[in-house]
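Structure record follows, encoded as structure tokens.
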Amino acid sequence: MLQSDYTTSQLDVLEAEAIHIMREVAAEFERPCLLFSGGKDSIVMLRIAEKAFWPAPIPFPLMHVDTGHNFPEVIEFRDRRVAELNARLVVASVQASIDAGRVAEETGRRASRNRLQTTTLLDAIEEHEFDAVFGGARRDEEKARAKERVFSFRDDFGQWDPKNQRPELWNLYNARIRKGEHIRVFPLSNWTELDIWDYIRREGIEIPSIYYAHTRSVFERDGMLLADAEVVNRGDDEPVYETVVRYRTVGDMTCTGAVESTAATVEEIIAEIAATRITERGATRADDRTSEAAMEDRKKEGYF
């Protein structure tokens, strides 16, 4: 007697939910876009978009808010992946915002362009009239992101009010907005870091080389290992040394830390993550350490 196995894996459920969300956005909104930085979460989101609309091309552009201080390996990967998909890439430049006087460059040892991305992002959304913006944020990353809805409403100033969010019952999403408002959409909200890596393994997805163990010149600051690079302000009391590291998350070089690791394959990374009790942002993002509510404050202003 032929028997069918109707069991569904955790990844299948998460993938199906993300595909449903993307198709819902494509149906409800006129001008969506997908934030694509070349980081692992946006790479997974891009794969989900491919599956959601296959065999048709992805029906919306990709956008990267470029601080100008990104890891070269990631920018190379971003451009190559966009070319492979024949997708349209919108690059919103923080340097252009600085040159136009929209934001002021920070100075000092801990100077970073990370916070400046908010203005650049909001300007790009207004310029291109995007009414829905896909982001790769996950609820397990950080406390403020844990408060987000899948459809996260932004007012006409691009601001987020964590105390005034729309209910989401039975996977029903409220897409109603007025002119000038927009929705941030998070298809990976219910994924964990381990889910992301399990999916990368299952799908055989290519990722930038800095996610794997490699030798890099670094220095220590506040218990984090920052890359020794021209754009990173290092003090004389912060000696440089070489060690084997990898990155759990990628972003602006000035505030993204590496972790010492010998994990050189996806399987080894999964084993490493399964054993850790520190979140990726808690371990490697200096911009989240400025205060207990650092991320929430930035999100209220319009950050990712």
Side-chain angles (χ1 to χ4, degrees), residues 6-36 40-42 44-54 56 58-60 63 118 121-122 125 129-196 198-199 202 279-281 292-293 295-304:
Y6 292 104
T7 58
T8 306
S9 73
Q10 162 96 349
L11 288 182
D12 288 333
V13 172
L14 292 171
E15 180 189 67
E17 178 187 50
I19 286 174
H20 165 69
I21 291 166
M22 287 204 168
R23 289 173 175 169
E24 188 76 9
V25 168
E28 294 263 9
F29 293 90
E30 293 184 8
R31 300 177 67 88
C33 78
L34 186 150
L35 293 175
F36 181 67
K40 67 183 187 309
D41 300 301
S42 64
V44 166
M45 198 164 54
L46 190 60
R47 172 58 62 89
I48 297 292
E50 287 184 85
K51 287 193 170 187
F53 305 105
W54 181 264
I58 297 172
F60 37 75
M63 179 165 68
T118 299
L121 171 64
L122 295 178
I125 290 172
E129 298 182 335
F130 293 134
D131 53 3
V133 181
F134 289 106
R138 310 184 318 269
R139 291 188 176 118
D140 76 319
E141 288 183 272
E142 198 274 339
K143 290 181 290 186
R145 285 180 166 170
K147 298 178 181 180
E148 285 275 25
R149 298 288 193 262
V150 174
F151 274 36
S152 183
F153 173 76
R154 296 298 196 273
D155 64 20
D156 52 359
F157 293 101
Q159 297 173 327
W160 172 65
D161 182 356
K163 296 180 180 179
N164 184 24
Q165 299 194 69
R166 298 171 174 181
E168 291 180 346
L169 305 175
W170 305 292
N171 293 330
L172 298 175
Y173 304 109
N174 186 344
R176 294 183 179 179
I177 56 172
R178 298 185 179 91
K179 184 174 178 59
E181 300 170 341
H182 70 277
I183 298 288
R184 304 283 174 86
V185 185
F186 302 109
L188 307 181
S189 285
N190 294 324
W191 297 52
T192 67
E193 184 183 9
L194 198 55
D195 291 328
I196 293 292
D198 276 337
Y199 192 76
R202 190 185 82 172
T279 65
E280 59 194 286
R281 293 193 69 93
E292 280 291 318
M295 173 62 81
E296 184 162 326
D297 290 342
R298 294 201 305 276
K299 288 178 72 63
K300 288 177 181 178
E301 296 169 357
Y303 191 71
F304 306 118

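Note that the structure is predicted; figures quoted are calculated from it, not measured.
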Just how far is it from atom CZ of R166 to atom CG of N174, taken to the nearest 0.5 Å? 4.0 Å

Can you confirm whether L121 sits close enough to M63 that some side-chain heavy atom of one is under 4.5 Å from a side-chain heavy atom of the other? yes

Salt bridge (charged side-chain N to carboxylate O under 4.0 Å, His left out) partners of R178, counting only residues at least two apart: E181

Rounded to the nearest 0.5 Å, what separates atom CE in M45 from atom CG in D41? 8.0 Å

What are the two closest heavy atoms between R31 and E129, and how far apart are they? CD-O, 3.3 Å

Test item: D131 side-chain N/O and E30 main-chain N/O as donor-acceptor pair under 3.5 Å: yes

To the nearest 0.5 Å, atom NZ of K163 lies from atom CG of D161 at 8.0 Å

Give me the ring orientation class for F53 and F60: parallel if the planes are under 30° apart, tilted from 30 to 60°, perpendicular past 60°. perpendicular

Looking only at atom types and distance, does a side-chain atom of D198 sit under 3.5 Å from a main-chain N or O of D195, one as donor and one as acceptor? no

Here the pair of heavy atoms bringing V150 nearest to E168 is N-OE1, 3.0 Å

Within a strict 4.5 Å, meaning less than it, do heavy atoms of the I183 and F153 side chains meet? yes

Between atom CE of M22 and atom CD1 of I48, what is the distance when rounded to the nearest 0.5 Å? 6.5 Å

Shortest non-hydrogen contact from L188 to R138? O-CG, 3.5 Å

I58 to A49 - nearest heavy-atom pair and separation: CD1-CB, 4.0 Å

Would you name the heavy atoms of Q165 and K147 that are closest together and state the gap between them? NE2-O, 2.9 Å

Approximate separation, where rounding is to 0.5 Å, of W191 CH2 and E15 CD: 6.5 Å

Give the minimum heavy-atom separation between I177 and F29, together with the two atoms involved. CD1-CE2, 4.2 Å

Could you tell me how the ring of Y173 sits relative to the ring of F151: parallel (under 30°), tilted (30 to 60°) or perpendicular (over 60°)? parallel

Can you measure from CD1 (I19) to CG (L14) and round to the nearest 0.5 angstrom? 11.0 Å

Would you confirm whether E148, through its side chain, and F186, through its main-chain N or O, come within 3.5 Å as a donor-acceptor pair? no

Where the side chain of R184 meets the backbone of G135, is there a donor-acceptor pair that is under 3.5 Å apart? no

